[in-house]
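Below: the structure, in structure tokens.
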Amino acid sequence: MSGSTITPWVVGNWKMNPMQANAQQLIQDLKQQLQQGDILEGQCRIGVAPPSIALSSVQAELANAAIDVITVAQDVSRIAGTGAYTGEVSADLLKDSQITYVLIGHSERREIFADTASVVAEKVKHALAAGLHIIYCVGESLVQREAGQAEQVVLQQICDISAVVEAEQWANITIAYEPIWAIGTGKTASPEDAQAMHAKIREGLTQITPQGPSIALLYGGSVKAENAVELAACPDINGALVGGASLNAESFYQIAHAFAQSK
Ligand code: PEP
């Protein structure tokens with residue numbers, strides 16, 4: 001089923017970047033691009049995910065951008081509420097700071113910080129309970145793809161959270177399909193392969209929830225201005241989660257523009 005009625009959604013994941021002076025410049029450049037460009041409010045949702053230390057300041061600085069820019073947290077604690085958990089930021093603390101969107105399950109969290117399926121499910125559960133909107137990341141490794149297991153791995157990652165998502169909470173979930181072998185490598189899944197996986201994800205979601213056809217599916221993995229138009233033309237690719245290219249305002253704007261124009 002085509003997701004063409006879904007508003008496109010492009011999110012820049014700044015990861016552990018940039019230093020403050022460069023962040024200031026990036027924000028100014030992005031505001032300028034949005035001011036001078038022709039993306040209309042509602043044509044494409046735009047988000048940026050800065051490091052947690054910068055969430056509130058970035059949100060404040062983007063408040064007067066020409067169109068709405070959503071500030072997204074890159075992760076959340078698996079512990080809810082408040083308490084003696086050094087170094088953690090809970091969903092409730094994010095909500096209390098007016099940060100209402102969060103990435104969960106990014107492959108860098110899964111691989112480098114041992115976010116297992118059960119840890120990820122706890123994060124999802126608490127984030128949804130706090131009223132946050134989740135961008136849930138899934139994706140297979142190169143070894144898994146070459147072994148013909150890509151679909152199975154990705155659908156399992158969706159099943160991993162389905163037990164903790166209440167029926168009405170699917171409205172607060174976006175899925176980002178990010179093949180691990182394409183993240184930060186310059187290798188992008190071909191539009192055909194990405195669309196094929198997105199169609200499978202949509203089919204899987206539709207079996208789990210009646211809201212499946214309206215859940216936004218983002219593609220991530222070396223998305224650039226140069227490949228965004230082709231990816232945006234795919235019916236089940238409703239947007240992009242962009243790493244490296246989001247650190248350049250012009251590239252990021254062009255990716256958002258490609259999605260805004262395509263749907
Ligand atoms: C990401 O980390 O979410 C990502 C897609 O990175 P890049 O665009 O740099 O591959």
Side-chain angles (χ1 to χ4, degrees), residues 8-18 22-23 26 29-30 33 44-52 54-55 58 69-76 101-115 120 123-124 127 133-142 144-145 150 153-154 157-158 173-191 193-195 197-198 201 216-232 234 236-259:
W9 179 200
V10 174
V11 180
N13 177 11
W14 293 0
K15 308 193 186 192
M16 202 166 72
N17 299 293
N22 293 340
L26 179 55
D29 291 350
L30 180 57
Q33 290 286 329
C44 180
R45 295 162 87 197
I46 296 179
V48 294
S52 59
L55 282 166
V58 168
V69 181
I70 296 166
T71 307
V72 180
Q74 294 177 13
D75 190 31
V76 66
Y101 285 74
V102 61
L103 299 178
I104 297 182
H106 192 282
S107 61
E108 287 154 14
R109 300 293 324 169
R110 292 181 192 262
E111 293 202 319
I112 307 170
F113 300 99
D115 277 11
V120 167
K123 291 182 175 189
V124 167
H133 184 109
I134 288 167
I135 301 171
Y136 178 60
C137 305
V138 296
E140 82 286 357
S141 67
L142 188 57
Q144 290 164 332
R145 175 155 282 260
V153 167
V154 166
Q157 287 169 332
I158 291 173
I173 296 183
T174 293
I175 304 285
Y177 167 59
E178 300 203 300
I180 298 169
W181 48 270
I183 297 180
T185 58
K187 294 182 193 159
T188 318
S190 68
D193 284 349
Q195 164 57 30
M197 182 62 89
H198 279 229
I201 294 172
L217 306 183
L218 314 186
Y219 170 77
S222 298
V223 178
K224 307 185 262 297
E226 295 75 22
N227 56 26
V229 172
E230 269 193 308
L231 289 163
C234 299
D236 286 297
I237 300 183
N238 311 116
L241 180 53
V242 185
S246 71
L247 295 173
N248 177 291
E250 194 182 342
S251 303
F252 183 60
Y253 176 82
Q254 283 172 10
I255 294 166
H257 191 262
F259 278 92

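Counting starts at 1 for both ligands and their atoms, following the listed order. The shown structure was predicted, so the numbers you read here are calculated from the model rather than taken from an experiment.
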Inset, instruction - Under 4.0 Å from a heavy atom of A182: give me the atoms of ligand 1 that qualify, with their elements. - result: 10 (O)

Inset, instruction - Can you pull out the closest protein heavy atom to atom 2 (O) of ligand 1? Residue, atom name and distance to 0.1 Å, please. - result: K15 NZ, 2.5 Å

Inset, instruction - Please say whether T185 places an N or O atom under 3.5 Å from an N or O atom belonging to ligand 1. - result: no

Legend entry - Closest protein heavy atom to atom 5 (C) of ligand 1, given as residue, atom name and distance to 0.1 Å: E178 OE2, 3.0 Å

Inset, instruction - Please could you name the atoms of ligand 1 that S222 approaches to less than 4.0 Å, counting only its heavy atoms? - result: 7 (P), 8 (O), 10 (O)

Inset, instruction - Return the set of residues passing salt bridge (Lys or Arg N to Asp or Glu O under 4.0 Å) with E230 (not counting sequence neighbours), or none when no residue passes. - result: none

Legend entry - For L241, atoms of ligand 1 separated by under 4.0 Å from a heavy atom: 3 (O), 5 (C)

Legend entry - Candidate list V154, L217, I237, test side chain to side chain contact (heavy atoms under 4.5 Å, CB included), partner M197, passing option: V154

Inset, instruction - Pick one of side chain, backbone, both or neither for how N13 approaches ligand 1, counting any non-hydrogen atom pair under 4.0 Å. - result: side chain

Legend entry - Check: N227 side chain, S222 main-chain N or O, donor-acceptor pair, under 3.5 Å: yes

Inset, instruction - Look at the aromatic rings of Y219 and H198 and report parallel, tilted or perpendicular, splitting at 30° and 60°. - result: tilted

Inset, instruction - Find all atoms of ligand 1 within a distance of less than 4.0 Å from any non-hydrogen atom belonging to G221, and give their numbers and elements. - result: 5 (C), 10 (O)

Inset, instruction - Run down the list G184, G243, G244 and name the one with the heavy atom closest to atom 10 (O) of ligand 1. - result: G184

Legend entry - Partner set under side chain to side chain contact (heavy atoms under 4.5 Å, CB included) for S246, not counting sequence neighbours: W14, V242, F252

Legend entry - Min side-chain heavy-atom separation V120-R110 under 4.5 Å: yes

Inset, instruction - Nearest 0.5 Å please: distance from the CD atom of E108 over to the CD1 atom of I183. - result: 6.0 Å

